2 protein chains.
Amino acid sequence: MTEIKIVADILKANDAIAEANARRLAEKHVRALNFISAPGAGKTTLIERTLEHFKGRARIGVIEGDVATSRDAERIQAFGVPVVQINTQGGCHLDANMVARALEALPLDELDTVFIENVGNLVCPVGYKLGEEAVVAVLSIAEGQDKPVKYPALFRRATVMVLNKLDLQPHCDVDPEAIVRDARAINPALEVVRTSCRTGEGLDEWYAWLEPWLGRKE
Amino acid sequence: MTEIKIVADILKANDAIAEANARRLAEKHVRALNFISAPGAGKTTLIERTLEHFKGRARIGVIEGDVATSRDAERIQAFGVPVVQINTQGGCHLDANMVARALEALPLDELDTVFIENVGNLVCPVGYKLGEEAVVAVLSIAEGQDKPVKYPALFRRATVMVLNKLDLQPHCDVDPEAIVRDARAINPALEVVRTSCRTGEGLDEWYAWLEPWLGRKE
C-alpha cells in the first residue's frame, strides 16, 4: 500500500525551519511572540497600544502577516518600529519559511523582541510553529462563549490568552469567566489577561505580563 | 523542471465532487446555501432564528461543520429539523466530499433547502465549493471595518453579506456603510442585509431575502 503523508511531511519540514528560526533568534538574543486570533479580535490594536506604551523603553520589531493588503503593516509603521509585511496572497497562515525570510529583513541586532502577527484564523496557524517562544491567543468577547471548546488546539498551545473587547461584555450575553474556565480546562497552565483596547481597561495587566519578554534574551 | 501542483489538483478534484453534489441536489429539487464567516460572527444563531421563523412553513435540513464538538448540531437539533454533523477533527474547512457523505445521511426527499454551516474561518472555506447555489457571508460588526478589504476572496464569492451584531455598532467605532462600500467595490452584485440576531433588527429583511430559496427547486 502506498501512503501519502503530505500534511505530516509539510509540518515536519516546517518544524525544522522553525527550530532554525529559534536558533537564529537566540544567537541574536531576541525573543519572538506569535499572536494568533480570529479575524477582528484586535491583534493589531493590541500591538499598537503596546508599542505606544513601551515607546523608547523597549526594542520591538514586528512581522505582519496578512492574506491581502499591507494595511496593518502601515498602521504599525506609524509607531517608528521596524516592520516586515508578509502578504500570503490568500494563504491562511504564516509558516516558518515565510518568517525566516522576514527575520532576514529585520535589524535583529537592534531588537530584543519580535512580535509576529499571524493571519486572522483560529484554526490553521496553530499547527505551524514559527520559531516563537510564546503564543499569544487573542479572543474577542464578541465572538461568543464557546470558542475555547470549539477551537481547542489554539488554547492548548497558547502561553497566554488575551480576552479582549471586554467593554462589549454588557452587550454580548457572554460570561468571560466561563471562557476562562473552558480555556483552562484545556490548558491548566494558560495565563489569562482581560483587556479592552478601546477603554484601556486591563492593559496595565497585559503590559505587566509582557514586560519579562521585552528584555535582552541571555 | 518538475512542477508539483498539489493545491490546484486538490481544488480540481473538489470541484468535480461539488458538481456531483449539485447534480444530486437538483435531482431531488433541493437548493443548498453555504454559510461562511469568521468564528463567532453568529452563523448558528442566524440559522436558529431562521428555523424558528419558518417553522412549519419550510422544509429545511442543516449540515453543521465544526473543528471539534457537536455543540452547534445539538443547538440546531432542538428545532426538530434533520441535522448532520461533520466534525473535521481539526480541519479548517468543509470540502465537497464531506458534504457528499452528509447529503447521503439527509432525507432529501423531504427537504427543499439545505443550510451548510461551514467551519468558522474567513479564508480556507472560500476555495472549496460544496455544491451550493449561494454563499451567505456572515460578518459581525465587532470584527471591525477592514474585513472585506483584508479578506476579499469571500466577498468576491458571496451571494449575500449578512452584516450581523448591528446592536454593537454604537460600541465599536465601525461604520457599517464603509463595510458595505468596500464589499461592493470587490463584488458589485453582492446583496447586503443588516441584522442583529440579539435584538431582531433587520431579521425581516433577511427572511425576505431568503424566502425564494425555500421553495421546491424546479
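Only a predicted model underlies this, so the values are computations on that prediction, with no experimental measurement involved. All chains are named by letter (A, B, ...) in the order of the sequence lines, taking the proteins before the strands, and each is independently numbered beginning at 1.
In this structure, no portion of A:Pro125 lies under 4.5 Å from any heavy atom of chain B. Proximity to chain B (any heavy atom under 4.5 Å) is shown, for A:Pro39, by both the backbone and the side chain. Within the 4.5 angstrom heavy-atom criterion, only side-chain atoms of A:Asp72, from C-beta onward, approach chain B.
Counting heavy-atom pairs closer than 4.5 Å to chain A, the top-ranked of the candidates B:Arg198, B:Gln145, B:His93 is B:Arg198. Interface summary for chain A: among B:Gly42, B:Gly144, B:Ala153, B:Cys172, the most heavy-atom pairs under 4.5 angstrom belong to B:Cys172. The candidate from B:Asp167, B:Val67, B:Asp173 with the greatest count of non-hydrogen atom pairs under 4.5 Å with chain A is B:Asp173. Counting heavy-atom pairs closer than 4.5 Å to chain B, the top residue among A:Cys124, A:Ser140, A:Gly120, A:Gly91 is A:Gly120.
Side chains of A:Cys92 and B:Leu122 form no contact here, defined as non-hydrogen atoms less than 4.5 Å apart. No side-chain heavy atom of B:Pro152 sits less than 4.5 Å from a side-chain heavy atom of A:Thr69.
Minimum heavy-atom separation, A:Val149 to B:Ala68: O-CB, 4.2 Å.
Separating the NE2 atom in B:His171 from the NZ atom in A:Lys165 is a distance of 13.0 Å, to the nearest 0.5 Å.
Taking the charged nitrogens against the carboxylate oxygens, A:Arg71 and B:Asp146 have no contact shorter than 4.0 Å, which rules out a salt bridge. Using a 4.0 Å cut-off between a side-chain N of Lys or Arg and a carboxylate O of Asp or Glu, B:Lys150 and A:Asp66 qualify as a salt bridge.
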